[in-house]
Amino acid sequence: MTRINAAGDEGKRVSETKIQTEVERQKQMRAAEELLFAGSQKLGLAKGLFLGRFVSDWVMPYPTVRPEEQAELNDSLARLRAFLDRNLDPGAIDQQADIPREVIDGLARLGVFGMTAPRDVGGRGLSQMAYCRVMEEIGSRCASTSIFVNVQHSIGMRALLLFGTPEQKRRWLPPLVNGEKLAAFALTEAEAGSDAANVQTVARPSADGSHFILNGEKRYITSGAIAQVLTVMARTPVPGRSETAITAFLVTPDMPGFAVLEPRMEKLGIRGTATARLAFRDTPVPKDNILGAPGKGLKVALTVLDFGRVTFGASCTGAAKTCLRLAVQHANTRRQFGRALGEFELIKKKIARMAAGAYAMEAMTNVTASLIDRGLEDYLLETAMLKVFSTEALWMLVNEAFQVHGGAAYFTDRPLERMLRDARINQIGEGANEVLTSFIALVGMRAPGEQLREILEALQNPWGEWRKAWLLGLDRVGAAVRAPEVPVRSPQLQSYAGRLGEMIRRFNVEVDRALIRHREEILERQYVQERIARAAMELFACACVLSRWDAGLQAGDAPAPTGLPHNAAELFVRGSFRRARRSLAEMHENDDALTAAVADSMLRQGDATP
């Protein structure tokens, strides 16, 4: 009987622990929702689409690097290209699974690690758009190196720039900017990846309050074993309450209890990056090393990831242009059946599709980077759209280039097999694309959802709220029947601008229908979320492409500096309209129920072979 009681007590404790863990998780989810949805919610380009509006000044006229920094950028790119030509060997980096120290030191001397950092800490003070040009160049050559630089600059250093105290910036920024020290960003754990709110690493304050005691493990940390400064996310107690919140800490590897469990985890691609598994065993971290406000670590993480996603888009654009260049070269020189490959229509189709995709990726990257440079707020939807779109577009381009090359691409004497392996992580890292797809839909639908809720509440109290209901109703009806204007300057683009406006109107109608039909259950309807997000991304991409195309025509239809022709823009826009229409049509005609039934049947079988 004693044994039974003991087992029962143990089961009760396990159950209580699970309940407490779930309660904590729900609290963190609410905190994340407050972080994402709180604030002024300024109406930008992406959020405007969900309301049937086109916020033109976020995308038109097409942004360019400031004239006063163009000369410095040109000089930086020339010196960078010369250095990379001499010193960067992507194949060797992949085979040896290491980026040579001389490459890292050379990039540091060129100022790559501090391109956007203020000059008073040793940085170059350039714009985000200019820095994206640098990342595009590196990304066109070596994915491992571009990811390493992105972690050092756009994630590691950026957290200090945005959230560091003056003393922290004076102490930590100069050695990070000049490459004397390397940075890492330690968020991911066994239970916390895209689900950033589920961090289990804990940091408890010491008895005297001078420091925190850090315990836990991190995995998949880029540069984790070679970094001298790590931004570590850990759960800390909330004073006066029983719950915890995530706090960001600056940690150095010389702190007691810091351990590298696995310095270089072997992996499929981006093999040159040092991806580590780390542990903290009663590691004392001074309270002065808290980065940002205590309990606001999620804000630190999500904000720096916004910057990282923009340069992620630039790196993917560089790789996409390399794929296109390699495919064109092969199609022009390889002969089969007595003809060059490029003379066959199915190869032409691939080349054209690749050119259209690369054109759109570059346009979206420049527009999104310009939002940061202009000091605009609340561009998290645009950065999420850029990340999903550019990583999926690059995967398409790599595959198409691979197919153009045929069997030759499969062998290691060609770069495409490495590029294929390197590109696969992009749809997983910095927020899995499936998670970001749902995020795009749900954050975008918040404003129209709030309007519909307010209309319903006002109608339930017509005597006190009739004017509010009337105004909100007029706004929603107006968006449903009137297409917004897309103000292009080139007469030949007027028809496409009109079609984009009409697609935005139709998109808004479908968003409202989905909200009315599913109401609160829309939070679980991921099939619907995906279609809405896909349509929204196509509209955002179209807006960026039209803006770039319009700017090119206004400049006299000169050839694009990248060699991408403007008719690639037309091909993209026409295809994008079709894809958006397809997503909206599938809101009404789909196989959702059957898809769920098949999946449920397979999941119930478990490991059984079909």
Check whether any side-chain heavy atom of [X] lies under 4.5 Å from a side-chain heavy atom of [Y], and answer yes or no.
X    : Y    : answer
L523 : H518 : no
Q403 : I347 : no
I138 : V112 : yes

Are any of the side-chain nitrogens in [X] or [Y] under 4.0 Å away from the carboxylate oxygens of its partner?
X    : Y    : answer
R505 : E502 : yes
D373 : R66  : no
D85  : R81  : no
D550 : R489 : yes
E345 : K348 : no
D422 : K267 : no
R525 : E521 : yes

Geometric class of the Y379/F307 ring pair [parallel <30°, tilted 30-60°, perpendicular >60°]: perpendicular

Ignoring hydrogens and angles, state whether a donor on the side chain of [X] or [Y] is under 3.5 Å from an acceptor on the partner side chain.
X    : Y    : answer
R158 : T303 : no
Y359 : H566 : yes
N366 : Y62  : yes
S154 : T311 : yes
T412 : R418 : no
E510 : H588 : yes
S127 : E69  : yes

Quick note, ring pair (Phe, Tyr, Trp, His ring centres under 6.0 Å) partners involving residues 481-507, not counting sequence neighbours, are F50-F507, Y496-W549

Restricting to side-chain hydrogen bond (donor to acceptor under 3.5 Å, both in side chains), what partner residues turn up for N590, sequence neighbours left out? none

Please test Q529 against T437 for side chain to side chain donor-acceptor pair (under 3.5 Å), starting from the C-alpha separation and ending with a verdict. CA-CA 7 Å; Q529 294 168 20; T437 296; over 6 Å; no

Please round to the nearest 0.5 Å and tell me the distance separating atom [atom1] of [X] and atom [atom2] of [Y].
X    : Y    : atom1 : atom2 : result
M364 : E362 : CE    : CD    : 12.5 Å
M445 : I532 : CE    : CD1   : 4.0 Å
M354 : N399 : CE    : CG    : 10.0 Å
L45  : F540 : CG    : CZ    : 5.5 Å
Q70  : D75  : CD    : CG    : 11.5 Å

Within 45 degrees of the axis of the six-membered ring of F577 and under 6.0 Å from its centre: does R499 put its NZ or CZ there? no

Taking [X] for its side chain and [Y] for its backbone only, find out whether a donor-acceptor pair lies under 3.5 Å.
X    : Y    : value
R421 : G269 : no
T273 : I270 : yes
S370 : V367 : yes

Work out which heavy atom in L584 is nearest to a heavy atom in A535; give both atom names and the distance. CD2-CB, 3.9 Å

Test of understanding: with side chain to side chain contact (heavy atoms under 4.5 Å, CB included), list the residues that count as partners of V328, not counting sequence neighbours. L324, N332, I351

Can you confirm whether [X] is buried at [atom1], in the sense that more than 12 heavy atoms of other residues, nucleotides or ligands lie under 6.0 Å from that atom?
X    : atom1 : result
L594 : CG    : yes
Y410 : OH    : no
R578 : CZ    : no

Residues passing the salt bridge (charged side-chain N to carboxylate O under 4.0 Å, His left out) test with D592, sequence neighbours excluded, are R531

If a pair satisfies salt bridge (Lys or Arg N to Asp or Glu O under 4.0 Å) and one of its residues is in residues 533-547, list it, with sequence neighbours excluded. E392-R534, E538-R579

Contacts table for residues 426-434: side-chain donor-acceptor under 3.5 angstrom, sequence neighbours left out:
{"residue": "N426", "atom": "ND2", "partner": "A423", "partner atom": "O", "Å": "3.4"}
{"residue": "E430", "atom": "OE2", "partner": "N150", "partner atom": "ND2", "Å": "3.4"}
{"residue": "N433", "atom": "OD1", "partner": "K387", "partner atom": "NZ", "Å": "2.7"}
{"residue": "N433", "atom": "ND2", "partner": "T391", "partner atom": "OG1", "Å": "3.0"}

